[in-house]
Number of protein chains: 2
Amino acid sequence: MEIYHPAEMLSRDEIAALQCQRLRETVRQARNSRFYRQRLDDAGVSPESIQSLDDLARIPPTAKQDLRDSYPDGMVAVPQERLVRLHASSGTTGAATVIYHTREDIRTWAELMARCMFMAGVRPWDVFQNTSGYGLFTGGLGIHYGAEALGCLTIPSGPGNTRRQLKLIRDFGVTVLHIIPSYALYLGDALAAEGLDPAALSPRIALIGAEPHSEEVRRRIESLLGLKAYNSYGLSEMNGPGVAFECQCQDGMHLWEDAFIAEILDPETGQPVPEGEVGELVMTCLTRTGMPILRYKTRDLTRFVPGLCACGRPHRRIDRIKGRADDMLIIKGVNIYPMQVEQALMALPEVGQNYQIILTHDGRMDQLTVQVELREDFFQEDMRALTGLQKKIAGILRDEILVTPRVELVQANTLPRTEGKAVRVLDKRGDA
Amino acid sequence: MEIYHPAEMLSRDEIAALQCQRLRETVRQARNSRFYRQRLDDAGVSPESIQSLDDLARIPPTAKQDLRDSYPDGMVAVPQERLVRLHASSGTTGAATVIYHTREDIRTWAELMARCMFMAGVRPWDVFQNTSGYGLFTGGLGIHYGAEALGCLTIPSGPGNTRRQLKLIRDFGVTVLHIIPSYALYLGDALAAEGLDPAALSPRIALIGAEPHSEEVRRRIESLLGLKAYNSYGLSEMNGPGVAFECQCQDGMHLWEDAFIAEILDPETGQPVPEGEVGELVMTCLTRTGMPILRYKTRDLTRFVPGLCACGRPHRRIDRIKGRADDMLIIKGVNIYPMQVEQALMALPEVGQNYQIILTHDGRMDQLTVQVELREDFFQEDMRALTGLQKKIAGILRDEILVTPRVELVQANTLPRTEGKAVRVLDKRGDA
Ligand SMILES: [Zn+2]
Ligand SMILES: [Zn+2]
């Protein structure tokens, strides 16, 4: 097996020793910011008091709200002249959060990203098309710098304009795509609509991320585009893309433990969940100088994949994101994650690329409606067959989520689509 | 005077010697591409035959059409695995042109760009907001890499969303903006509309380029935004931004002659125009490895500013772009450049930020109409005053362009505006 960086093969003991040493350095660095100086003083955490990884639990977690409260620069840990980059979430409201990077942070991030891409099989001679939006959003520039560090010929196409995307893919023999799952499905349909054979297209790898999605969606992307799709995980608070990535085993995402400490905690109690169980991912970055963040509550739900990966890299793997702690829907008193619905639907061959979960309240109780696009050929079926299918889907969903939904079958391409992120849930229960 | 790179102070003799040596190397490198191997063989130009800068004239010029004809990779001069970046013009039609860069090309370009910004007064401790579009267009990534090389805190805001741009400027104490002239005027009006005092805003420098504009527009931008505005020149065929830039004298743009050879030629005959006269800028890049281009006919009209700049940098200056050779309008047999109209209009205090040149043909002859937005307060004037103003503008324009236009005065903010490039000319003479 080829590796990009020796750190990929550190043993568990070496990882633990490095994490402890870097945690101490990161605590020291974080204390240069107004926010962490106060927070760590209050908790009695000094760099010297970090003696083992058990001391991590003494550091209070950092919440999204802490980032908002310290806007714009309460967490900055270096003099301003050392900063070279600012990234921000949406930014139109006062609730924006921003992350600052030094030149070294940008380099470290690019190297982590390059390591991820290499692990998924990307090589310097690949032609790489980046359909992420560039700018304040980290997906575009983050992956771009990684591809450049790796040495790919990088085409910064940005999102949208599907005709142009296809032209670029064909004219330049693109071999690797970075694409969000819902747009990959859209692109696959566009290929089919133009009568193009996916097997004849040059891309052999798609890097997919930024949207939680099910294994079924990954398999669909692979078959629609005729390539291998690898899951990516990242969040702007931990740089952006480049945090965890699938190796060629496609069995969970290796999280780079020389650069991050990951914990999986019960979102309510803040205590570790038993090994292998689902909880909230809490992340500490170990290499950032401009704006270190300690024990960040990501709100993303996942679990550690038990055991050692077949590829041999000792870095632990996280499972695909099951949803966000904030995404959980409570319907008729039952906890439901949209990803459960997607997983059940996408396993059915009759189901097309799009669906929507609609919640209403009829004055007495919650009502769950699931609108499901059918594939063109299945929609041609007679009414009796459709009614049968409707019942079948309702039954499968009930078994999965323990609530019986109203199922509406609709024609392909009739639900609202987007070239950006898909809107999968409409909660209208608050509406008059 | 502080300089960023010793090359800024090369003497004319040193520049000439370096140009000759690099031209020879560039000819050698270009011959690795299918296109130039053929083109240079046909012209009998070998690297060894380049003995002095006079030999430049033996190299046939390269036209935009040559780039189109060699699409997608006929001008690539290195093995594909050495390429790390592709940029393209519009790209939706077969007429797209693409430029490839190696890792060294990207570094050289970033350093040239950083040198430009430093010359305009930008320093590592500045906070830099880049409102250019990122992606295949060179303005975004080109300036971004330069700002990062220089060490500015770079905010990759991208274009549009004026409310967010203003919020970023204020929240992060932005000191330098990169902005196209028409959007700078738009932003200035947005400031005024919100009752914000430009003098109270933090930006002290705007880098403006990508659109030909008049000195009057620059002065307006400076007063509307309360800062110094510096002109920038670049084109994707010569990397993008970073080719020529104003120093703090604001008296023409220094063109980096260690990296480029510039000629100003008669667009018809291809012969040099007399020193100081306007002609077509023809450019040779001296440092590019991935895709060198020799004697590229830019279609941009300018002249060399005579004499030595007060700043002392020996690199020659080009004057602001007078328009494009293709922009020339022939109206009633007279040659007119839209920039002449802009210059005349923007010198009048009554005139607002926007105007439009409309050409029609009434079946017998060409008709020139100029629609002019007035400033709010002037539009309040009585009809007689307005009629007087209309006549005054028509007279001023006739003196400038030798054709008497129909002048229509309109209210501020009624002409079509855009957050992107302004559309200044509507030629409807071909319409039925
Ligand atoms: Zn693995
Ligand atoms: Zn000067």
Side-chain angles (χ1 to χ4, degrees), chain A residues 71-73 79-88 90-94 96 98 100-103 106 123-138 140-141 144-145 147-159 161 163-165 167-168 170-174 290, chain B residues 71-73 79-88 90-94 96 98 100-103 106 123-138 140-141 144-145 147-159 161 163-165 167-168 170-174 290:
Chain A
Y71 180 93
D73 61 0
Q80 197 232 268
E81 62 265 28
R82 283 193 52 200
L83 299 171
V84 301
R85 181 85 62 79
L86 183 150
H87 281 289
S90 84
T92 41
T93 69
V98 289
Y100 298 81
H101 300 269
T102 63
R103 196 188 295 275
I106 295 290
R123 293 294 177 269
W125 50 85
D126 272 307
V127 181
F128 172 67
Q129 186 164 327
N130 188 7
T131 71
S132 263
Y134 283 67
L136 288 171
F137 168 63
T138 54
L141 285 168
H144 175 95
Y145 273 62
E148 195 169 282
L150 183 50
C152 298
L153 170 51
T154 303
I155 305 181
S157 67
N161 199 337
R163 248 191 73 217
R164 192 178 69 165
Q165 303 282 7
K167 182 170 166 54
L168 291 168
R170 281 183 287 185
D171 289 358
F172 301 106
V174 169
Chain B
Y71 179 92
D73 60 0
Q80 196 234 268
E81 62 266 29
R82 283 193 52 200
L83 299 170
V84 302
R85 180 84 64 79
L86 184 150
H87 280 290
S90 83
T92 42
T93 70
V98 289
Y100 297 82
H101 300 269
T102 63
R103 196 187 296 274
I106 295 290
R123 292 296 177 269
W125 51 85
D126 272 308
V127 180
F128 173 66
Q129 185 163 328
N130 188 7
T131 72
S132 264
Y134 283 67
L136 289 169
F137 168 64
T138 55
L141 285 168
H144 176 94
Y145 273 62
E148 196 168 283
L150 182 50
C152 298
L153 170 51
T154 303
I155 304 181
S157 68
N161 199 338
R163 248 190 74 216
R164 191 178 69 165
Q165 304 281 6
K167 180 169 168 55
L168 291 169
R170 282 183 285 184
D171 289 358
F172 301 105
V174 168

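Because the structure is a prediction, the values reported are computed rather than measured. In what follows, chains are A, B, ... by sequence order, proteins preceding strands, each numbered from 1.
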*Asks:* Please rank B/Ala147, B/Pro72, B/Gly158 by heavy-atom pairs under 4.5 Å with chain A and give me the top one.
*Replies:* B/Pro72
*Asks:* Start with the C-alpha gap between A/Leu141 and B/Leu141, add the side-chain angles, then the distance that decides, and say whether side chain to side chain contact (heavy atoms under 4.5 Å, CB included) holds.
*Replies:* CA-CA 9 Å; A/Leu141 285 168; B/Leu141 285 168; 3.8 Å; yes
*Asks:* Determine the option with the most heavy-atom pairs under 4.5 angstrom with chain A, choosing from B/Gly133, B/Ala149, B/Pro79.
*Replies:* B/Ala149
*Asks:* Between B/Gln80 and A/Asp126, which heavy-atom pair has the shortest distance, and what is it?
*Replies:* NE2-O, 4.3 Å
*Asks:* Between A/Tyr134 and B/Tyr134, what is the ring plane arrangement, given parallel below 30°, perpendicular above 60°, and tilted in between?
*Replies:* parallel
*Asks:* Does any heavy atom of chain B fall under 4.5 Å from the side chain of A/Tyr100, the backbone, both, or neither of them?
*Replies:* side chain
*Asks:* Is there a side chain to side chain contact (heavy atoms under 4.5 Å, CB included) between A/Leu136 and B/Leu168? Walk through the geometry before answering.
*Replies:* CA-CA 11 Å; A/Leu136 288 171; B/Leu168 291 169; 3.9 Å; yes
*Asks:* As a quick check of understanding, evaluate side chain to side chain contact (heavy atoms under 4.5 Å, CB included) for A/Val98 and B/Asp171, giving each step before the final call.
*Replies:* CA-CA 11 Å; A/Val98 289; B/Asp171 289 358; over 6 Å; no
*Asks:* Given a strict heavy-atom distance threshold of 4.5 Å, which part of B/His101 is in contact with chain A: side chain, backbone, both, or neither?
*Replies:* neither
*Asks:* In Å and rounded to the nearest 0.5 Å, what is the SG to CG distance from B/Cys152 to A/Leu86?
*Replies:* 13.0 Å
*Asks:* Taking 4.0 angstrom as the limit, do B/Glu148 and A/Arg103 come out as a salt bridge?
*Replies:* no
*Asks:* Heavy-atom distance under 4.5 Å to chain A: side chain of B/Ile106, backbone, both or neither?
*Replies:* side chain
*Asks:* Of the backbone (N, CA, C, O) and the side chain (C-beta and beyond), which part of B/Pro124 lies under 4.5 Å from a heavy atom of chain A, both, or neither?
*Replies:* backbone
